[in-house]
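Report on the structure given below.
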Amino acid sequence: MSQNPSRALSHRGTLNEKQVEAVESVNGPVLVLAGAGSGKTRVITHRIAYLIDEVGVPPYQILAVTFTNKAAGEMKSRVDALLGSGLRPSSPLVSTFHSFCVRVLRRDIEALNAGLNRNFTIYDDDDQSRLVRSIKKDLGIDDKSLSERQVLSPISWAKSRGISPAGYANQPDNSSDRTEKIARIYKSYEERLKQANAVDFDDLLIRTVQLLRTRPEVRAKYHERFRHVMIDEFQDTNGIQYEMARLIATNSTEQAHGGRWNPDLWENRSLFVVGDVDQSIYSWRGSDFNIILGFRNDFEGTKMIKLEQNYRSTQTILEAANQVIEYNKQRLPKTLYATADMGQGDKIRYYQSYDAEGEASFVGEKIQEHLRRSPQSRCVVLYRTNFQSRLFEESLRRRGVPYNIVGGFSFYERAEVKDIISYLKLALNLDDDMAFARVVNSPPRGVGKASLEAISRLQQELGISMWQTVPEAARQQLLSPRAAKSLREFMRVVRSLSDRVQAQEALSNVVKAATLDTGYVRALQEEQTEEAESRLLNIEELVTAAVEAEKQGESLRDFIDHAALVADTDQYKADARVTLMTMHSAKGLEFPVVFIVGLEEGLFPHSRAAGSDTEVEEERRLCYVAITRAEKNLYLTHAMKRRVFGEEAASEPSRFLNEMPLELIDDLSLGPSWLKFRNSPSAYGGAGSLGMLAASDSHRSSPVKKTSNYTGKTYNSADGVREFFNKRTSAGGSTGPSQGPRPSRSYPGNKSSGRAQTQYEDDEFKTGMRVRHAKYGRGVIVQCEGVGEDAKLTVNFPGFGHKKFVAKFAALEKS
DNA sequence: TTTAGTACACTTTTT
DNA sequence: GTGTACTAAA
């Protein structure tokens with residue numbers, strides 16, 4: 001059966017004993033506990049190749065599930081590489097849980113009789129929020145303390161546990177007003193989804209499990225087909241995903257035991273799961289690492305294999321990771337062993353900066369250094385929350401270092417892209433209310449709030465979709481003549497799009513039609529602004545993506561599903577020299593040089609986690625994940641103060657820093673840092689975190705260490721420190737844009753500070769005064785703090801909003 | 001109805 | 001600092 005024995009068995013030469021054992025465990029339940037960097041993906045990909053080439057399993061019988069699209073893509077290409085390019089009758093299915101569900105539901109959802117048909121729309125985050133917003137309005141719930149998020153997360157919680165709206169309202173311990181409101185929104189939310197023939201992300205999983213549980217013939221179909229199910233990152237599985245896997249693998253609806261050991265069941269069949277308890281970082285999203293702990297009980301006869309040999313990192317990095325994770329109580333003991341030839345490696349480098357700008361500037365400089373020394377090395381900056389990315393972007397841009405950023409808003413989240421996609425979604429499913437509401441008036445065609453409210457009111461009465469409501473609203477003369485006319489035209493265009501879809505017209509043609517026939521592109525062209533220009537470019541990019549997808553043989557349906565589920569797949573470019581992303585996104589990746597930034601209490605561990613031990617332990621696991629991404633060099637940084645919501649706040653070093661072994665750390669901070677304090681408290685004069693500010697930073701590009709000048713002088717208040725820096729900057733110490741933290745930083749794009757001196761006149765700026773700015777044009781001073789050249793000015797520029805300046809730095813002209 | 005301007009709420013982490 | 005939601009005027 002073997003098509004290429006020498007290649008198929010090549011893993012025996014390249015994998016270690018344990019890995020080989022895992023690869024060759026062909027049948028039955030298998031649990032692989034794989035530490036970070038222990039070759040987990042290698043094991044899965046080699047096993048797929050082994051099953052196909054050596055055991056003779058037809059590829060289509062193999063299902064490999066990953067947690068992210070990134071991982072799925074990676075695995076696919078690695079499997080392809082292993083299998084070679086020879087033609088095969090089929091390929092293994094490598095997909096995320098969610099896209100697997102879409103696949104199943106697009107085929108079989110109608111068997112559920114749940115009022116949904118296979119043309120269902122997927123509502124993403126944004127759609128969900130809009131829906132909740134609209135429901136709150138309908139129900140007259142005007143509660144500011146109930147944000148969309150605060151409603152959606154309990155709804156998701158309840159849905160995933162099979163709790164109905166009524167059940168949610170009747171929870172034993174909860175009878176508050178708030179719960180009652182959420183229950184009402186929940187109820188309406190579900191109705192509106194059904195009305196729109198739509199499902200949310202949770203539904204994808206829930207409906208699939210429902211289908212497999214209640215429809216034996218459907219279950220049998222998938223059970224027969226997927227004889228080898230593999231799950232990566234198993235520690236991140238939630239109860240529903242686990243049940244799905246169990247149903248497919250065992251064809252049994254019995255809960256606790258996917259099987260008492262039954263040799264017949266496991267003949268030519270396996271359930272192969274790979275995970276690491278220490279890397280469980282998604283419990284906030286319902287994942288439960290107890291599942292991995294309980295796996296052996298659920299599946300009698302489970303073969304368990306531990307991979308502890310790490311191939312990724314230096315001894316130093318592993319020691320740090322091992323020590324930090326030891327602080328967790330909830331875990332299985334496990335130690336990562338370094339590979340001898342990785343060596344001890346460099347020490348971990350630590351840097352304490354005065355503020356967040358200084359941190360970013362340090363990181364930018366070090367990255368530049370690394371790239372100069374070895375242009376091929378890849379660097380990554382890992383932060384806890386997305387909002388931290390901005391400063392690093394600025395710092396890199398200033399240095400002309402190209403970078404790649406993952407997360408934040410993706411291409412598919414841009415308004416214009418979402419608009420075009422909404423047209424397409426609407427063409428596919430005319431009942432998609434969120435798509436309808438989104439595009440009915442973009443470009444503006446005179447269908448405003450009043451018309452929409454009229455439609456919405458009637459819709460509630462009739463209990464049908466908006467699309468279906470419009471003709472009735474027109475009949476009842478609820479619409480202004482203008483709106484009615486516009487709506488007729490709008491519906492004609494959408495219907496013609498829909499016809500194109502029905503007629504199976506080429507994907508790229510339909511997408512082009514959605515940009516042109518709708519008047520969307522024309523409206524943007526007429527705007528003649530820079531912004532409209534960039535939107536047009538994005539739309540062009542979307543059309544290109546459609547052409548590309550068409551070449552791949554995708555249908556419009558595939559294309560749209562992709563947009564809903566794969567929001568950031570393309571964002572991570574494996575060959576990018578510099579990448580910025582959250583620690584969460586970094587799971588599964590590795591980099592020669594890693595910067596973990598913002599190691600501050602309240603930020604990391606995040607303040608929301610501070611209250612509970614389990615949550616702090618999850619943060620610590622996240623820290624462990626972050627550390628173990630590093631192959632050779634690891635940098636840890638934190639800032640003594642940073643702006644949160646525009647307000648400055650002092651911060652303390654993260655507890656995780658304390659948990660790392662001192663002897664592995666090399667302190668690069670200028671002046672007395674917290675680390676030196678930790679080392680020998682007597683060497684450190686200051687009291688409290690602000691006392692250290694003299695350590696400063698606004699670190700210099702020249703290696704001259706001036707810190708000795710400042711030791712012994714401590715600044716115990718933020719003002720004192722500010723004064724200190726102001727003195728220094730005016731003394732001409734400024735050599736770079738990041739020099740000297742300015743109390744009120746001017747806009748980053750402001751390049752005029754060099755000319756500031758000449759622009760500044762003795763006359764005072766005052767509130768209400770009209771000024772002109774090189775970049776923003778005319779504006780009005782709305783706030784004026786302080787006097788003279790140090791005064792902080794808040795200026796409102798029409799079109800740009802409020803900008804803050806320090807009088808002497810800002811090139812402001814009176815006008 | 002639209003748009004411009006102002007007030008304000010917001011920051012975990014993601015399919 | 002930023003994006004969004006509400007409001008006042010065109």
Side-chain angles (χ1 to χ4, degrees), chain A residues 65-72 95-102 122-125 128-130 133 137 144-145 147-150 153 156 200-205 233 236 238 240-241 281-287 356 382-391 394 406-410 415 441 443-452 480 482-483 486 561 564-569 581-587 598 602-610 615 618-619 621-622 625-626 642-648 744-748 779-780 782 794 796-804:
Chain A
V65 189
T66 63
F67 198 66
T68 66
N69 296 296
K70 219 153 44 200
S95 109
T96 64
F97 268 109
H98 291 267
S99 33
F100 174 74
C101 291
V102 172
I122 302 166
Y123 275 5
D124 63 15
D125 272 4
Q128 286 182 295
S129 303
R130 283 159 184 272
R133 215 172 303 156
K137 211 172 190 181
K144 291 246 165 55
S145 71
S147 66
E148 284 79 48
R149 223 192 166 69
Q150 286 165 321
S153 100
S156 166
D200 62 18
F201 285 140
D202 293 321
D203 285 326
L204 288 174
L205 303 172
E233 306 284 10
D236 289 327
N238 67 28
I240 298 183
Q241 292 162 331
I281 53 175
Y282 285 104
S283 65
W284 53 272
R285 219 176 73 187
S287 84
L382 301 177
Y383 34 80
R384 176 67 238 267
T385 62
N386 273 309
F387 86 97
Q388 289 168 266
S389 70
R390 214 189 84 253
L391 291 171
E394 275 165 20
V406 177
F409 50 76
S410 78
N441 199 35
R445 46 169 76 85
V447 183
K449 217 168 73 184
S451 316
L452 276 181
S480 72
R482 186 153 89 104
S486 297
D561 283 348
L565 293 172
V566 194
D568 65 353
T569 263
M581 63 174 124
T582 64
M583 300 180 207
H584 281 88
S585 324
K587 197 177 60 162
L603 191 56
F604 186 43
H606 197 272
S607 50
R608 301 273 269 257
E615 284 180 63
E618 175 140 326
E619 297 281 305
R621 289 192 294 271
L622 185 58
V625 167
R642 72 172 65 233
R643 254 187 299 283
V644 188
F645 296 141
E647 289 294 304
E648 270 175 4
S744 234
R745 205 168 46 100
S746 61
Y747 185 79
V780 179
V782 295
T794 307
N796 181 42
F797 295 101
F800 295 94
H802 287 138
K803 300 288 169 198
K804 278 199 167 189

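Naming: A, B, ... by sequence-line order, numbering from 1 per chain.
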Quiz item: Is there a side-chain polar atom (N or O) of A:Thr582 under 4.0 Å from OP1 or OP2 of B:dT14?
Solution: yes
Quiz item: Quick one: is A:Asn238 getting a side-chain N or O under 4.0 Å of the B:dT15 phosphate, OP1 or OP2?
Solution: no
Quiz item: Taking the side chain of A:Arg133 as its heavy atoms from C-beta onward, which of B:dT11, C:dA5, B:dT1 lies nearest to it?
Solution: C:dA5
Quiz item: Of the candidate nucleotides B:dT14, B:dT11, B:dT15, which contains the atom at the shortest distance from the side chain of A:Arg608?
Solution: B:dT11
Self-check item: Separation of B:dT15 P from A:Ile240 CD1 (nearest whole Å)
Solution: 17 Å
Quiz item: Given that A:Phe387 and A:Leu205 both sit by DNA chain B, which one's nearest nucleotide is further toward the 5' end?
Solution: A:Phe387
Quiz item: Going by atom types only, do A:Ser156 and A:Asp202 share a side-chain donor-acceptor pair under 3.5 Å?
Solution: yes
Practice problem: Take atom CG of A:Asp125 and atom C1' of B:dT14, then tell me their distance rounded to the nearest Å. | Solution: 8 Å
Self-check item: A:Ser585 side-chain N/O to B:dT13 phosphate OP1/OP2 under 4.0 Å
Solution: no
Practice problem: Round to a whole Å and report the spacing from CD1 of A:Ile281 to P of B:dT13. | Solution: 12 Å
Quiz item: Would you call A:Glu233 and A:Lys587 a salt bridge, using N to O less than 4.0 angstrom?
Solution: yes
Practice problem: Measure the acute angle between the ring planes of A:Phe201 and A:His98, then classify it against the limits of 30° and 60° as parallel, tilted or perpendicular. | Solution: perpendicular
Quiz item: Does the C:dT2 base have a donor-acceptor partner in the side chain of A:Arg643 within less than 3.5 Å?
Solution: no
Quiz prompt | Any donor-acceptor N/O pair, A:Asp200 side chain to A:Asp203 backbone, under 3.5 Å | solution = yes
Exercise. Specify the separation, in whole Å, of atom CG of A:Asp202 and atom C1' of B:dT15.
Key: 9 Å
Self-check item: Rounded distance in Å - CZ (A:Arg482) to C1' (B:dT1)
Solution: 6 Å
Practice problem: Report the residue (A:Gly448 or A:Thr68) whose heavy-atom-nearest nucleotide on DNA chain B is the more 5′ of the two. | Solution: A:Gly448
Exercise. Rounded to whole angstrom, note down the C1' distance from C:dC6 over to B:dT11.
Key: 22 Å
Exercise. Assess the side chains of A:Thr582 and A:Ser585: does a donor N or O sit below 3.5 Å from an acceptor N or O?
Key: yes
Quiz item: Could you give the CE-to-P distance, from A:Met581 to B:dT13, as a whole number of Å?
Solution: 15 Å
Quiz item: Base, sugar-phosphate, or nothing: which does A:Ala609 touch, judged by heavy atoms less than 4.0 Å apart?
Solution: nothing
Practice problem: Take atom CZ of A:Arg390 and atom P of C:dG3, then tell me their distance rounded to the nearest Å. | Solution: 10 Å
Quiz item: Quick one: A:Phe201 CZ to B:dT14 P, roughly how many Å, whole number?
Solution: 13 Å
Quiz item: Looking for any heavy atom pair under 4.0 Å, which part of the strands does A:Arg149 touch: base, sugar-phosphate only, or nothing?
Solution: base
Exercise. For B:dT13 and C:dT4, measure between their C1' atoms and round to the nearest Å.
Key: 23 Å
Quiz item: Across the strands shown, which category fits A:Ser451 at heavy-atom distances under 4.0 angstrom: base, sugar-phosphate, nothing?
Solution: sugar-phosphate
Self-check item: pi-stack flag for A:Phe97 and B:dT15, centroid dist under 5.5 Å, interplanar under 30°
Solution: no
Practice problem: Look at the side chain of A:Ser129 and the backbone N and O of A:Asp125, then say whether any donor-acceptor pair between them is shorter than 3.5 Å. | Solution: yes
Practice problem: Would you indicate what A:Asn441 reaches in the nucleic acid, counting non-hydrogen atoms under 4.0 angstrom: base, sugar-phosphate, or nothing? | Solution: sugar-phosphate
